[in-house]
S.K.: 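I'd like to ask some things about the structure below.
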Amino acid sequence: MILEMYVKDFVLIDEIRISFDEAMSAFTGETGAGKSLLMDAIGILKGDRIQTSLIREGSEKAIIEGVFRVREKSRCYQLLLEAGYDLEDTTFIASREFTRAGKSVARINQRMVNVGFLKEVVSGVVDIHSQHDTQYLLNQRYHLQLLDAFANCAQQKKETAAAFKEYRMLADELESALHNDYNEEDLELLTYQLNEIDQAQLSENELEQIDEEVKRMQAHEKITSRVHSALSLLEDEQHGTASIYEAYRELDSLSEDRFFQDQAQRLLDLYYNLDECIGDIREHYETLSFDEERFHELQERSFLIHKILRKYGGNFQAVMRKREGLEQKIDRILHRNDFLKKHEVLCEKAHRQYMQKAKTLHDIRVAKAKDLEAQILAQLHDLQLENAKFHVQIDEFEGNRDGIDRIAFYISMNPGEALKPLSQTASGGELSRFMLGLKTVFSELQGIETIVFDEIDTGVSGAVAFAVGKKMQELGKHIQVFCVTHLASVAACANHHYMVEKHQAAASTSTTIRLLNEQERFEALALISNNSLSSSALEAAKELYNAAQQNR
């Protein structure tokens, strides 16, 4: 839901910061006051296109910011977690800034993001519906997923998609085998390539092992030279172990001084340790040798491995996959008829398994479609559309990963009128009421947490308008509802009532939005209904308000 909005220098809005609560909020005001400006600002956060004409006159940039709270299991929450956002309190801040120079910046929690990601995130929280809405509910391509969301058949869809993938893979292999006509030259080339890979006898880490051994052998000359030099220094009669031994003898002869006796012993220990070290070095030094034949053998082997890798995939795993593919192609050529018979059997089995899964899914959809029709019709009747008929049309076809069903919503608004696709029938106020009925059923299933109705009550009045208001009130029990309205009977149903007002000064015009207290609500309802604040108008407004708030 939307917890707070901050808007600065946007059209007629100078600067506003508004907090919102749960349930239904109504926004009213005189014509031209800018009742839809806040909804337009929300649309900007949902990724609507920005125009520099939206920047307030005299300002260089506009700022729109929203604080949103989301459910932990929602798609929006998962998107933000996957993008690395910390959502311990399940809230995030989305903002957009745009300048007259045409520069625009989108942010989530102060981190810059592209508009596409911002749109995906915020659209998962907020749905904006106007009288001429042509979004997902009217679009037949979304009717299947809407029915499936209502039917709660995600597991069956997953199983059907997996069965279709298996069947499609086998069918494609069979199709390829039927249409590929290999000749002797093809077989010769494939066999040559397979033999070339097999004769190389590759092992997974062989190249790394060869490279290490080659490096060691290339360093042989350097190693032997340095070790020889070290031994020469250590065995030098003037500076090596001999000089240490002579120093020991000189100090050892000073038997009258205990200190020099101790140092003499240390020199003797050093002499023996160093002599042992020299022996070990010389022993290993004498084992060092350079096998030129082995060196050339390693270089040739490395060249061959690089050639095979370069020719057949770039790495060991790719070469092995290539080898497997070559073997399969050769087998198909040599045993083509056997392969075709085997794959026909496998393909038929996979198709049967797919059809079983798809049929199970189809049966669930058929059963749940009846429940959906009943729920939608109940909503439409509540909205004074007693003659409306709603039907979920399910047509079968050969199938895809979603099953064997094509889904379309059909409706008839008037007695004797044939059922037609939704997008081809209802219009104006009837369409708005129908969409409200659908969204009452589908919004929570879609994960929507805030729904905005922007003057969808145009063209209705009296009992119909009151029914529309009560339906929004009912919807507000489950999700947050914003409603821009010009009807008192709709505004009276809201839990919260905001007044949109335009203020004109000598040099500027600005729009403000404020939350009304109870007395201010009565006055606003009286003005909307009767354009009067007389005692009778206020009394009628109170009666309307009390009637609208019953059974809330």
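What you are looking at is a predicted structure, and each value in this text was computed from that prediction instead of being measured.
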S.K.: Test your reading of the model: is there a side-chain donor-acceptor pair from Gln156 to the backbone of Thr360, 3.5 Å cut-off?
M.R.: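 Not a single qualifying donor-acceptor pair exists.
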S.K.: Which atom pair, heavy atoms only, marks the closest approach of Ala171 to Cys347?
M.R.: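 So the two residues come closest at CA-SG, 3.6 Å.
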S.K.: Can you name the residues that form a salt bridge (charged side-chain N to carboxylate O under 4.0 Å, His left out) with Asp148, not counting sequence neighbours?
M.R.: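 By the salt bridge (charged side-chain N to carboxylate O under 4.0 Å, His left out) rule, Asp148 matches Lys157, Arg365.
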S.K.: For the atom pair SG (Cys76) and CG (Leu81), what is the distance rounded to the nearest 0.5 Å?
M.R.: 9.5 Å
S.K.: What closest approach, in Å, do Ile50 and Ser104 show between heavy atoms, and which atom pair accounts for it?
M.R.: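 Of all heavy-atom pairs spanning Ile50 and Ser104, the closest is CD1-OG, 3.6 Å.
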S.K.: So, for Lys61 and Asp9, which heavy atoms are closest and what is the spacing to 0.1 Å?
M.R.: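 That closest heavy-atom pairing would be O-CB, 3.4 Å.
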S.K.: Do the side chains of Leu268 and Tyr272 get nearer than 4.5 Å, heavy atoms only?
M.R.: yes
S.K.: For Ile394 and Val366, what are the C-alpha separation, side-chain angles and deciding distance, and is it a side-chain contact (heavy atoms from CB on, under 4.5 Å)?
M.R.: CA-CA 7 Å; Ile394 302 178; Val366 169; 4.0 Å; yes
S.K.: Under 3.5 Å, is there a donor-acceptor pair linking the side chains of Asp395 and Gln393?
M.R.: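 Yes, a side-chain donor-acceptor pair sits under 3.5 Å.
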S.K.: Any non-hydrogen side-chain atom of Arg96 less than 4.5 Å from a side-chain atom of Val115?
M.R.: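 Yes, their side chains come closer than 4.5 Å.
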S.K.: Answer yes or no: is there a donor N or O on one side and an acceptor on the other, between the side chain of Ser74 and the main chain of Val70, under 3.5 Å?
M.R.: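 Not confirmed, Ser74 side chain does not pair with Val70 backbone.
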S.K.: Do you know the tightest heavy-atom contact between Ala106 and Leu118?
M.R.: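 In this case the closest contact between Ala106 and Leu118 is CB-CD2, 4.0 Å.
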S.K.: Answer yes when Lys477 and Glu22 have at least one side-chain N-carboxylate O distance shorter than 4.0 Å, and no when they do not.
M.R.: no
S.K.: Roughly how far apart are Asn109 CG and Thr91 OG1, rounded to 0.5 Å?
M.R.: 7.0 Å
S.K.: Taking the side chain as every heavy atom from C-beta outward, state whether Lys215 and Glu212 have any atom pair closer than 4.5 Å.
M.R.: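 They are not in side-chain contact.
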S.K.: Tell me if a side-chain donor or acceptor on Thr440 pairs with a main-chain N or O of Leu436 at a distance below 3.5 Å.
M.R.: yes
S.K.: Side chains of Tyr245 and Asp275: does their closest heavy-atom pair fall under 4.5 Å?
M.R.: no
S.K.: Are more than 12 heavy atoms from other residues, nucleotides or ligands located less than 6.0 Å from atom CD of Glu82?
M.R.: yes
S.K.: Run the ring pair (Phe, Tyr, Trp, His ring centres under 6.0 Å) test against His343 and tell me which residues pass, sequence neighbours left out.
M.R.: Phe339
S.K.: Mind checking the CG-CZ spacing from Leu3 to Phe20? Nearest 0.5 Å is all I need.
M.R.: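 Reported to 0.5 Å precision, the distance equals 10.0 Å.
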S.K.: Between Gln317 and Glu204, do the side chains contain an N or O donor and an N or O acceptor separated by less than 3.5 Å?
M.R.: yes
S.K.: Taking Ser203 for its side chain and Asn205 for its backbone only, find out whether a donor-acceptor pair lies under 3.5 Å.
M.R.: no
S.K.: Considering all heavy atoms of both residues, which atom of Asp402 and which atom of Asn400 are nearest to each other, and what is their separation?
M.R.: N-OD1, 2.8 Å
S.K.: Is there a donor-acceptor contact under 3.5 Å linking the side chains of Ser95 and Glu65?
M.R.: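 No, no side-chain donor-acceptor contact under 3.5 Å.
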S.K.: In sequence, state the C-alpha distance, the side-chain angles, and the governing distance for Lys420 and Ile411, and then conclude on side-chain contact (heavy atoms from CB on, under 4.5 Å).
M.R.: CA-CA 6 Å; Lys420 294 179 182 178; Ile411 189 165; over 6 Å; no
S.K.: Does any pair with a residue in residues 153-175 pass ring pair (Phe, Tyr, Trp, His ring centres under 6.0 Å), and if so which ones, sequence neighbours excluded?
M.R.: Phe164-Tyr354, Tyr167-His351
S.K.: Near Glu293 CD, under 6.0 Å, is it more than 12 heavy atoms from other residues, nucleotides or ligands?
M.R.: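 Open: at most 12 neighbouring heavy atoms sit under 6.0 Å from CD of Glu293.
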S.K.: Taking only residues two or more places apart in sequence, or in another chain, which ones meet Glu206 in a salt bridge (charged side-chain N to carboxylate O under 4.0 Å, His left out)?
M.R.: Arg301
S.K.: Apply the test side-chain contact (heavy atoms from CB on, under 4.5 Å) to residues Met320 and Phe316: give CA-CA distance (whole Å), side-chain angles for both, the deciding distance (0.1 Å), then the verdict.
M.R.: CA-CA 6 Å; Met320 292 300 102; Phe316 177 78; 3.7 Å; yes
S.K.: Output all residues satisfying side-chain contact (heavy atoms from CB on, under 4.5 Å) with Asp269, sequence neighbours left out; order by chain, then residue number.
M.R.: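 Only Gln265 meet the side-chain contact (heavy atoms from CB on, under 4.5 Å) criterion with Asp269.
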S.K.: Consider only side-chain N and O atoms of Gln155 and Glu159, and report whether a donor and an acceptor are under 3.5 Å apart.
M.R.: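 On atom types as modelled, these side chains qualify, holding a pair under 3.5 Å.
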S.K.: Could you list the residues that satisfy side-chain contact (heavy atoms from CB on, under 4.5 Å) with Glu300, not counting sequence neighbours?
M.R.: none
S.K.: Please, which pairs that meet salt bridge (charged side-chain N to carboxylate O under 4.0 Å, His left out) have at least one residue in residues 303-322, sequence neighbours excluded?
M.R.: Glu196-Lys307, Glu196-Lys311
S.K.: Around atom CG of Asn315, are there more than 12 heavy atoms from other residues, nucleotides or ligands closer than 6.0 Å?
M.R.: yes
S.K.: Rounded to the nearest 0.5 Å, how far apart are CG of Leu174 and CD of Glu348?
M.R.: 9.0 Å
S.K.: With Asp172, which residues qualify under salt bridge (charged side-chain N to carboxylate O under 4.0 Å, His left out), at least two apart?
M.R.: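 Asp172 satisfies salt bridge (charged side-chain N to carboxylate O under 4.0 Å, His left out) with Arg168 only.
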S.K.: Can the ring centroids of Phe409 and Phe390 be said to lie less than 6.0 angstrom from one another?
M.R.: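 Ring-ring flag for Phe409/Phe390: true, centres closer than 6.0 Å.
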S.K.: How far apart are the closest heavy atoms of Leu45 and Gly66, and which atoms are they?
M.R.: CD1-N, 3.6 Å
S.K.: Which residues pass the side-chain contact (heavy atoms from CB on, under 4.5 Å) test with Asn273, sequence neighbours left out?
M.R.: none
S.K.: What pairs meet the ring pair (Phe, Tyr, Trp, His ring centres under 6.0 Å) rule with one or both residues in residues 65-100, with sequence neighbours excluded?
M.R.: Phe68-Phe92
S.K.: Find out whether Tyr248 and Glu246 are in side-chain contact, i.e. whether some heavy atom of one side chain is under 4.5 Å from a heavy atom of the other.
M.R.: no
S.K.: Taking atom CD1 of Ile44 and atom CD of Gln51, what is their separation to the nearest 0.5 Å?
M.R.: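 Rounded to the nearest 0.5 Å, the CD1-CD separation comes out at 8.5 Å.
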S.K.: Counting neighbours of CZ on Phe397 that are heavy atoms of other residues, nucleotides or ligands and sit closer than 6.0 Å, is the number greater than 12?
M.R.: yes
S.K.: Does atom CZ of Arg266 have more than 12 heavy-atom neighbours, drawn from other residues, nucleotides or ligands, at distances under 6.0 Å?
M.R.: no
S.K.: Write out all pairs satisfying salt bridge (charged side-chain N to carboxylate O under 4.0 Å, His left out) with one or both partners inside residues 103-124, taking only residues at least two apart or from two chains.
M.R.: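 Sorted pair list: Glu97-Arg107.
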S.K.: Does a side-chain heavy-atom distance below 4.5 Å link Phe482 with Ile451?
M.R.: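 No, every pair of side-chain atoms sits at 4.5 Å or beyond.
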S.K.: Ignoring hydrogens and angles, tell me if any N or O in the side chain of Asp405 forms a donor-acceptor pair with the backbone of Ile407 under 3.5 Å.
M.R.: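 Flag not set: sc Asp405 to bb Ile407 has no pair under 3.5 Å.
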S.K.: Give a yes or no on whether His228 atom NE2 has more than 12 heavy-atom contacts from other residues, nucleotides or ligands under 6.0 Å away.
M.R.: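 No, NE2 of His228 has 12 or fewer neighbouring heavy atoms, counting only those of other groups under 6.0 Å.
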S.K.: What's the verdict on side-chain contact (heavy atoms from CB on, under 4.5 Å) for Gln480 and Ile2, showing C-alpha distance, side-chain angles and the deciding distance?
M.R.: CA-CA 8 Å; Gln480 186 184 49; Ile2 302 175; 3.7 Å; yes
S.K.: With a 4.5 Å limit on heavy-atom distance, are the side chains of Leu207 and His306 in contact?
M.R.: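 Side-chain contact under 4.5 Å: yes.
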S.K.: To the nearest 0.5 Å, what is the distance between OG on Ser123 and CD1 on Ile448?
M.R.: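 Between Ser123 OG and Ile448 CD1, I get 7.5 Å after rounding to 0.5 Å.
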S.K.: Under the rule for salt bridge (charged side-chain N to carboxylate O under 4.0 Å, His left out), what residues qualify as partners of Glu213, not counting sequence neighbours?
M.R.: Arg294
S.K.: Do Met355 and Ile404 have side chains that approach each other closer than 4.5 Å (heavy atoms only, starting at C-beta)?
M.R.: yes
